[in-house]
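In what follows, a structure is listed as structure tokens, so that the remarks can point back to it.
Residue numbering restarts at 1 for every chain, and letters A, B, ... go by the order of the sequence lines.
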Amino acid sequence: MTKLSRDTIRRLRRELLDWYDRSGRRLPWRIRPEDRTAGRVADPYAVWLSEIMLQQTTVPHATPYWHRFLRRWPSVEALAAAPDDDVLTEWAGLGYYARARNLIACARQVAEQGGAFPASIEGLKALPGIGDYTANAILAAAFDKPASVVDGNVERVMTRVFRIETPLPKAKPEITEIAAEIADPDRPGDYAQAIMDLGATICMPRSPACGLCPWRPDCAAQSAGVQTDYPKKIAKTAKPARRGIVWRIERDGRVWIRKRPESGLLGGMMEVPGSDWTAETPEADPPVPAIWETLPEVRHVFTHFALTLEVRRAVAPEGWEPAEGIWADLDRLDSYPLPSVFRKVLVL
DNA sequence: TAGTCGTGGTA
DNA sequence: TTACCAAGACT
């Protein structure tokens with residue numbers, strides 16, 4: 001790896017931070033330079049919450065969840081004391097539900113240790129749900145300590161500026177090395193958030209706004225007109241299709257739902273009972289003899305397969321009670337930990 | 001290490 | 001409609 005000259009590094013830092021001071025995003029969990037002037041300081045709990053929610057999730061999708069969580073549980077102690085199902089219900093619709101389970105475990109661990117988040121990479125990475133990226137992001141944004149954040153934004157910016165040909169994720173160590181070199185030791189928090197803002201608002205995947213980019217003069221891919229060829233990626237395999245049947249059993253405006261296993265897909269969340277999800281429509285008997293009506297199919301795309309559900313509906317026979325689960329009020333679906341796929345089934 | 005794990009927006 | 005994508009972690 002060719003070392004960057006001191007002058008280049010100094011110029012990149014200054015151009016990026018000047019741009020951030022002018023044009024960086026105002027985000028509710030973020031402390032900007034003018035906020036510090038006004039005496040505001042970052043809340044590590046609020047920063048941690050934002051970082052977990054933003055993993056593989058867009059800012060517009062995560063923001064309302066962040067507000068609701070912070071209003072309902074203003075401190076890590078409050079979150080630690082919350083029942084699991086309350087947290088899962090509030091998380092419903094945000095996806096990647098292992099994050100919610102880890103969120104609860106992490107809050108309880110921090111609360112038990114006195115309520116303060118660790119201000120070190122090792123301490124943060126020892127907590128559930130905090131990996132390499134998130135530890136660095138919290139260290140920078142919450143504690144303004146030197147850190148090197150490498151997320152999808154940084155990967156995209158760096159592979160373009162330096163025309164890194166190695167495909168992701170193999171290029172990660174190379175990118176981390178360069179990113180750490182450029183990171184500003186004097187304003188680590190602002191720097192980390194600036195480089196991610198650059199990726200999110202200027203150096204975008206499809207149509208980068210190179211005309212507005214502070215790093216344009218230094219960008220190798222832009223000079224050659226090949227910005228969108230980077231980052232190089234390993235080709236993905238096609239998503240398989242799976243099918244299943246769900247049984248919507250209703251009684252007096254309520255529907256039978258039950259809890260899924262704690263781990264695995266949609267772990268710990270509730271479900272509308274049904275068959276396995278397999279390549280061909282599975283053979284499956286209804287859980288109870290009844291007159292079954294066929295509703296429109298529900299389609300839903302997960303990370304690694306596309307699902308089509310055949311929906312059958314019946315009124316529960318008089319006197320019949322399921323061996324497990326609950327009768328959920330169809331008018332109050334928000335009060336159950338229901339993932340989006342089952343919400344779709346219940347709003348047909 | 002490569003597979004698992006959601007959702008909604010956009011071109 | 002299809003494909004891609006977004007502040008990744010965990011096993």
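The side chain of P339(A) lies closest to dT7(B) when the candidates are dA7(C), dT7(B), dC5(C). Comparing dG6(B), dA9(C), dA7(C) by their nearest atom to the side chain of M196(A) picks out dA7(C). Looking at the side chain of L265(A), the nearest of the listed nucleotides dC5(C), dG6(B), dA7(C) is dG6(B). Taking only side-chain atoms of Q55(A), from C-beta outward, the nucleotide of dG6(B), dA6(C), dA9(C) with the closest atom is dA9(C). Picking from dC10(C), dG6(B), dG8(B) the nucleotide with the shortest atom distance to the side chain of S340(A) gives dG8(B). Taking the side chain of Y133(A) as heavy atoms from C-beta on, and the options dC10(C), dA7(C), dG6(B), the nearest nucleotide is dA7(C).
Atom P of nucleotide dA6(C) and atom CD of Q56(A) are separated by 8 Å, given to the nearest angstrom. Going from atom CD of Q193(A) over to atom C1' of dA7(C) covers 10 Å, rounded to whole Å. Computed from coordinates, the N153(A) CG to dC5(C) C1' distance equals 11 Å when rounded to whole Å. The CD1-P distance, from I234(A) to dT1(B), rounds to 12 Å in whole Å. For the pair R242(A) CZ and dC5(B) C1', the interatomic distance rounds to 12 Å; values are reported in whole Å. We find that NZ of K344(A) is positioned 10 Å from C1' of dG6(B), with the value rounded to whole Å. The interatomic distance linking Y96(A) (OH) with dC5(B) (P) rounds to 10 Å, in whole Å. Atom-to-atom, CG of L103(A) to P of dA7(C) comes out at 20 Å; the value is rounded to the nearest Å.
The cationic group of R32(A) lies under 6.0 Å from the six-membered ring centre of Y20(A) and within 45° of the ring axis, placing it in a cation-pi geometry.
Phosphate contact (OP1/OP2 of dT7(B), side-chain N/O of Y97(A), threshold under 4.0 Å): present. Neither OP1 nor OP2 of dT1(C) sits under 4.0 Å from any side-chain N or O of R299(A). Using a 4.0 Å cut-off, no side-chain N or O of H300(A) falls inside it from OP1 or OP2 of dG6(B). Using a 4.0 Å cut-off, no side-chain N or O of T134(A) falls inside it from OP1 or OP2 of dA7(C). Residue H61(A) has no polar side-chain atom (N or O) positioned under 4.0 Å from OP1 or OP2 of dG8(B). Put simply, T58(A) has no side-chain N or O that comes within less than 4.0 Å of OP1 or OP2 on dG9(B).
Taking the C1' atoms as reference points, dA7(C) lies 23 Å from dA2(B), given to the whole Å.
Within the nucleic acid shown, W91(A) has no heavy atom closer than 4.0 Å to any nucleic acid atom. Residue-level contact check: L266(A) touches the backbone only, with heavy atoms under 4.0 Å from sugar-phosphate atoms and none from bases. Looking at heavy-atom distances under 4.0 Å, V301(A) makes contact with a base. Residue G93(A) is in sugar-phosphate contact alone, with no base atom involved, counting any heavy-atom pair closer than 4.0 Å across all strands shown.
Put simply, the side chain of R25(A) and the base of dA7(C) share a donor and an acceptor less than 3.5 Å apart. Evaluation of atom-type donor-acceptor distances gives a pair under 3.5 Å for the side chain of T57(A) against the base of dG6(B). One can find a donor-acceptor pair under 3.5 Å joining the base of dC4(C) and the side-chain atoms of R206(A). Between the side chain of T303(A) and the base of dG6(B), a donor-acceptor pair under 3.5 Å is found.
In plain terms, the two heavy atoms of T228(A) and R206(A) that are nearest each other are CG2-O, 3.2 Å.
Taking the six-membered ring for Trp and thresholds of 30 and 60 degrees, F342(A) and W277(A) have ring planes inclined between 30 and 60 degrees apart. In this pair, W320(A) and W256(A) present their aromatic rings perpendicular. The plane angle is above 60°, beyond the 30 to 60° band.
In this structure, F302(A) has its ring center closer than 6.0 angstrom to the ring center of H300(A).
When the nearest nucleotides of DNA chain C are assigned to P128(A) and V59(A) by heavy-atom distance, the more 5′-ward of the two goes with V59(A). Positionally, the nearest nucleotide of DNA chain B for P169(A) lies more toward the 5' end than for the other of P169(A) and V341(A).
Under the 4.0 Å criterion applied to side-chain N and carboxylate O atoms, R101(A) and E262(A) are not assigned as salt-bridge partners.
Results of the salt bridge (charged side-chain N to carboxylate O under 4.0 Å, His left out) test with D197(A) over R26(A), R30(A), R22(A) single out R30(A) as the only residue that passes.
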